[in-house]
Participant: 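Can you keep this structure in mind? I'll have questions shortly.
Indexing begins at 1, ligand by ligand and atom by atom, following the structure's order. Source: prediction; values computed, not measured.
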Amino acid sequence: MDFRPTEEQALLRRTVREFAESEIRPYSREWDQAQHFPAELMPKLAALGLLGIQVPERYGGAAMSSIDYCICIEELARVDPGVALSVAAHNGLCASHIAQFGTDAQKAKYLAPLARGEKIGAWALTESTSGSDAAGMRTTATREGDGWVLNGSKTFTTHGRVGDVFVIMALTNRAAGTKGISAFIVSRGTPGLAPGKKEDKLGMRASDTSEVRLENCRVPADQLLGDVGQGFVHTMEVLDAGRIGIAALAVGLAQGAYEAELRYARERKAFGQTIARFQAIQWKLADAATRIEAARWLTYRAAYLKAKGGRTTLESSVAKLYASEMAVRVADDCVQIHGGYGFVKDYPAEKYFRDVKLTTIGEGTSEIQRLVIARHLLSRS
Ligand code: CAA
């Protein structure tokens with residue numbers, strides 16, 4: 001067991017960190033306030049390989065490993081968790097679903113423009129009445145002639161308004177339960193596919209989150225992604241990897257918050273000395289550093305096992321649950337250490353505090369992660 005990063009991994013971290021510091025940090029607050037999706041950043045992310053992180057080279061991707069993927073997401077989240085969320089949804093949900101379950105023709109058609117950043121990926125599962133109960137969806141896809149007709153609506157879709165390539169889950173056989181769900185690739189501009197309301201969010205505001213409406217949206221048969229009825233199981237498999245990405249996002253966010261509180265504690269004086277000299281503050285710093293490291297290794301373990309092949313449902317949920325709840329505590333302490341300055345927008349603490357909450361909700365709430373973990377524990381003989 002070797003816990004040291006390789007030279008390539010250390011270089012990757014430095015490269016993404018420098019990029020995030022120079023190309024993202026100066027604009028992060030502005031994007032947050034305006035709830036602006038930074039389309040102008042996409043070509044720069046693509047040039048670094050960050051829009052095709054794990055896409056195979058033959059489709060123009062960077063073909064990085066699962067651990068490299070975590071490093072990229074971590075370093076983006078350290079500076080701007082909203083940008084990291086967009087990159088995670090584009091790579092870890094949309095491109096990943098096509099890469100894992102698409103035909104050669106689908107991969108050739110969609111993965112290359114996604115990896116080059118010419119097209120933004122979206123992945124639409126959740127509906128207004130089915131979030132945790134993902135199989136409870138109502139959107140339908142009905143076979144008609146040589147294609148499928150989709151009707152319904154999706155909610156909380158990352159890139160719902162700015163996406164170009166949508167992977168959409170729909171019921172193809174209501175009576176078959178989880179075996180009656182299929183996935184489809186739908187391109188922006190397809191008649192019947194329309195962006196709905198853009199959500200006005202608490203945090204992660206640089207990442208577009210919107211409704212997607214489907215009204216008699218006809219797609220040819222070759223837009224079916226995977227076999228008919230396999231959409232739910234494939235979705236769960238995509239989420240097994242996606243949740244590792246959200247764990248990495250939480251680790252990076254917590255790292256950013258920790259660095260901000262450490263900096264502030266060293267500068268701020270009270271009672272004649274810097275507040276870093278008080279044990280009450282030191283314990284918060286020590287707890288944060290310890291918990292971040294623990295979450296990072298749970299995340300890398302899940303990523304390592306994912307790269308080895310085989311199922312990581314348990315490890316992914318453990319990493320996502322621990323990392324996201326850890327990050328909420330770190331962001332909370334970051335505000336607390338900043339005192340009144342933690343409550344105003346001149347300092348980064350309040351943004352981490354708002355952004356972090358999504359990590360315990362998106363790609364499966366903490367409650368769903370506990371449910372998944374408990375099911376695994378109880379099924380062991
Ligand atoms: N890998 C492979 N197969 C899996 C699997 C996995 N991880 N998880 C479940 N399955 C299989 C099961 O084995 C079962 O197959 P069989 O019937 O052949 O045994 C089938 O899938 C159904 O599984 P369950 O009976 O466990 O299904 P369930 O209805 O009880 O749901 C759940 C399980 C874990 C609660 C699931 O619904 C879930 O993960 N919910 C949360 C969904 C979620 O994370 N949503 C957020 C999406 S992010 C988003 O939409 C916004 C965005 O843009 C980012």
Side-chain angles (χ1 to χ4, degrees), residues 37 73 81-82 84-97 100-101 120-137 139 152-163 165-171 173 176-183 195-196 198-199 201 204 207-212 226-227 229-247 249 302 305-306 309-321 324 358-379:
F37 171 75
I73 298 295
L85 183 66
S86 272
V87 170
H90 172 96
N91 281 282
L93 297 178
C94 179
S96 162
H97 200 139
Q100 283 186 68
F101 304 111
I120 301 299
W123 191 78
L125 171 69
T126 301
E127 301 183 4
S128 58
T129 53
S130 63
S132 292
D133 181 12
M137 67 180 63
T139 293
S153 70
K154 296 290 177 177
T155 196
F156 301 140
T157 306
T158 306
H159 304 153
R161 289 190 78 83
V162 301
V165 176
F166 292 78
V167 172
I168 298 178
M169 271 50 76
L171 287 174
N173 179 355
T178 55
K179 300 293 183 293
I181 292 168
S182 307
K198 175 171 168 138
E199 301 297 345
K201 296 183 294 180
M204 302 287 197
S207 179
D208 173 72
T209 304
S210 310
E211 287 178 342
V212 175
D227 292 336
Q230 281 296 300
F232 185 81
V233 170
H234 289 175
T235 290
M236 292 297 113
E237 292 180 21
V238 168
L239 284 170
D240 280 350
R243 287 170 182 165
I244 303 173
I246 300 301
L249 195 160
L305 293 171
K306 174 61 64 193
R311 208 166 145 175
T312 62
T313 308
L314 174 64
E315 292 81 4
S316 298
S317 283
V318 166
K320 203 258 183 193
L321 173 64
S324 59
L358 188 274
T359 66
T360 65
I361 299 171
E363 298 202 29
T365 60
S366 286
E367 290 71 20
I368 288 299
Q369 307 314 322
R370 287 191 170 88
L371 175 148
V372 170
I373 294 165
R375 279 185 184 178
H376 274 257
L377 300 178
L378 294 169
S379 70

Participant: Is there a side chain to side chain contact (heavy atoms under 4.5 Å, CB included) between I73 and V87? Walk through the geometry before answering.
Facilitator: CA-CA 7 Å; I73 298 295; V87 170; 3.9 Å; yes
Participant: Heavy-atom contacts with ligand 1 below 4.0 Å: which residues, ordered by chain and residue number?
Facilitator: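 Around ligand 1, where the cutoff is 4.0 Å for heavy atoms, the contacting residues are L93, W123, L125, T126, G131, S132, A134, F156, T157, T158, T178, K179, F232, V233, M236, E237, L239, D240, R243, R311, T313, E363, G364, I368, V372, R375.
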Participant: Less than 4.5 Å apart, any side-chain heavy atom of V233 and any of F101?
Facilitator: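 Counting from C-beta outward, V233 and F101 never come under 4.5 Å.
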Participant: Of all the heavy-atom pairs spanning I120 and V162, show the shortest one and how long it is.
Facilitator: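 Looks like CB-O, 3.8 Å.
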Participant: Is there a donor-acceptor contact under 3.5 Å linking the side chains of D240 and T312?
Facilitator: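 Side-chain D/A pair, D240 to T312: absent.
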Participant: Give a yes or no on this: more than 12 heavy atoms of other residues, nucleotides or ligands lie within 6.0 Å of atom CZ of F232.
Facilitator: yes
Participant: Apply side chain to side chain contact (heavy atoms under 4.5 Å, CB included) to the pair I246 and S324, showing each step before the final yes or no.
Facilitator: CA-CA 8 Å; I246 300 301; S324 59; 5.6 Å; no
